[in-house]
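This report refers to the structure that appears directly beneath it.
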Amino acid sequence: MPRNEGSTSARSSRRSFLRGLGVATGTLALTGCDALSQAPWFRKILFFDEQVTRRVQRAILGQSDLAREYTEDDLSPAFRANGSTSIDDPDYQAMVANGFADWKLKLDGLVENPGEFSLADLRGMPSRTQITRHDCVEGWSCIGKWKGVQLSHLLEQANLKPDARYLVFHCADTLYGQALYYESIGLEDAFHPQTILAYEMNDETLTVPHGAPLRVRIERQLGYKMAKYIMRIEAVESFDHLYGGKGGFWEDRGYEWYGGI
Ligand SMILES: Nc1nc2c(c(=O)[nH]1)N[C@H]1C(S)=C(S)[C@@H](COP(=O)(O)O)O[C@H]1N2
Ligand SMILES: [Mo]
């Protein structure tokens, strides 16, 4: 018996699982921005045990494989905005009024070189443009075009300290009057080539409903991971001490932390 027979068949069963997922999400793409029904098959995919999803994704795709990218023809005619779509806070309103001229992204925490970056600084860095599908856990998806700077570019300059394990995105909005929105990702996704800090959507400056002036795109994960209105990125060893301790606004309310698709 070949030494690796067991693992080969395990691999092929994971592969057929992933093929199944591909078929299902292909169907999603056709629906564009339409709300999907709460069909049990759809919910089953979204809520598939996250550890399994993550292991399958890593085993089959490897850590730096790319999420599918689409063409201009595939762009959704309108990209739905979700969660916070504006912010009442007077400080934020003042920033909108002057085109975010005084806004600066802070990058700090467990880094050797903390920094602050204006929009002009970010726009002056090498950029990546990608057309991808956004899947919201509520059952809709939209295809949009995003342009921004790779998070890895900033992290390479900031130089993470050895104990840094996660990046936390601190946002400007308070959702449902409850708490500031925040999210976190691991280093694998932080350094992934499609993880970008986007300042443009569909060839236009990012609008307020979609998270102006800056939102993150993390293309192998669900919509709620993609923090909008980012003010600060903090490198941490753990997020136990932040808010509810689960690593994100929705995670603190029961959603999975990884949220893979
Ligand atoms: N700061 C912040 N980021 C957020 C949210 C939010 O309410 N506040 N909602 C999340 C959810 S659930 C989704 S689906 C996407 C929606 O992004 P969009 O408005 O560009 O469609 O943003 C995510 N990021
Ligand atoms: Mo979402």
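Whatever order the structure lists them in is the order used to number ligands and atoms, beginning at 1.
Per-residue contacts place Cys136 under 4.0 angstrom from the following atoms of ligand 1 (heavy atoms of the residue considered): 14 (S). Every atom of ligand 1 with a heavy atom of Lys228 under 4.0 Å away is listed here by number and element: 1 (N), 2 (C), 3 (N), 4 (C), 5 (C), 17 (O), 18 (P), 19 (O), 22 (O), 24 (N). Listed by number with element, the atoms of ligand 1 under 4.0 Å from a non-hydrogen atom of Pro209 are 19 (O). Every atom of ligand 1 is numbered from 1 in the order shown, and the set under 4.0 Å from a heavy atom of Met226 is 22 (O), 23 (C), 24 (N). Atoms of ligand 1 found under 4.0 Å from any heavy atom of Gly83 (numbered from 1 in listed order, with element): 7 (O). The contact set between ligand 1 and Asp173, taken as ligand atoms under 4.0 Å from a residue heavy atom, comprises 1 (N), 2 (C), 6 (C), 7 (O), 8 (N). Heavy-atom contacts of Cys171 reach the following atoms of ligand 1: 1 (N) (cutoff under 4.0 Å). Distances below 4.0 Å separate heavy atoms of Trp140 from the following atoms of ligand 1: 14 (S), 21 (O).
Under a 4.0 Å heavy-atom criterion, Phe79 is in contact with ligand 1. Under a 4.0 angstrom heavy-atom cut-off, Gly211 registers as lying outside contact with ligand 1. Within the 4.0 Å heavy-atom shell around ligand 1 one does not find Glu138. Judged by the shortest distance from any of its heavy atoms, Arg215 lies inside the 4.0 Å radius around the atoms of ligand 1.
Among all protein heavy atoms, the one lying closest to atom 14 (S) of ligand 1 is His134 NE2, 3.2 Å. Nearest protein heavy-atom neighbour of atom 21 (O) of ligand 1: Arg80 O, 2.6 Å. Remark: minimum distance from atom 7 (O) of ligand 1 to any protein heavy atom is reached at Ser84 N, 2.8 Å. Among all protein heavy atoms, the one lying closest to atom 20 (O) of ligand 1 is His210 ND1, 2.7 Å. Remark: minimum distance from atom 13 (C) of ligand 1 to any protein heavy atom is reached at Gly223 O, 3.6 Å.
Counting only non-hydrogen atoms, the option in Tyr224, Tyr229, Tyr255, Trp250 that gets closest to atom 11 (C) of ligand 1 is Tyr224. Considering Phe169, Tyr181, Trp146, Tyr182 only, the shortest heavy-atom separation from atom 5 (C) of ligand 1 involves Tyr181.
Judged by distance alone, with hydrogens and angles left aside, the side-chain atoms of Ser127 form no donor-acceptor pair with the main-chain N or O of Lys147 at under 3.5 Å. Counting only distance, with no hydrogens or angles, the side chain of Arg215 and the backbone of His210 share a donor-acceptor pair below 3.5 Å. Glu219 places no side-chain N or O within donor-acceptor distance of the main-chain N or O of Ala67, the cut-off being under 3.5 Å. Between the side chain of Lys228 and the backbone N or O of Asp173 there is no donor-acceptor pair closer than 3.5 Å.
Considering Tyr182, Phe169, Tyr166 as possible partners of Phe239, the one that fulfils the ring-ring contact (aromatic ring centres under 6.0 Å, His included) test is Tyr166.
No side-chain N or O of Arg123 forms a donor-acceptor pair with one of Tyr199 less than 3.5 Å apart.
The hydrophobic cluster containing Leu206 also contains Ile196, counting ILVMFWY residues as joined when their side-chain heavy atoms lie under 4.5 angstrom apart, directly or transitively. Both Leu154 and Ile185 sit in one connected hydrophobic cluster of ILVMFWY residues. Membership requires side-chain heavy atoms under 4.5 Å apart, directly or through other members.
Looking at Leu175 against ligand 1, only its side chain comes within 4.0 Å, counting heavy atoms. For Ala172, no heavy-atom contact with ligand 1 is shorter than 4.0 Å.
To the nearest 0.5 Å, atoms OG1 (Thr129) and NZ (Lys145) are separated by 6.5 Å.
The neighbour count for Asp88 CG, taken as heavy atoms of other residues, nucleotides or ligands under 6.0 Å away, does not exceed 12. Enclosure of atom CD in Glu112 by more than 12 non-hydrogen atoms of other residues, nucleotides or ligands within 6.0 angstrom is indicated. Atom CZ of Arg165 sits in a sparse spot, with 12 or fewer heavy atoms from other residues, nucleotides or ligands closer than 6.0 Å.
Using cut-offs of 30° and 60° for the angle between ring planes, the Tyr176 and Phe249 rings count as tilted.
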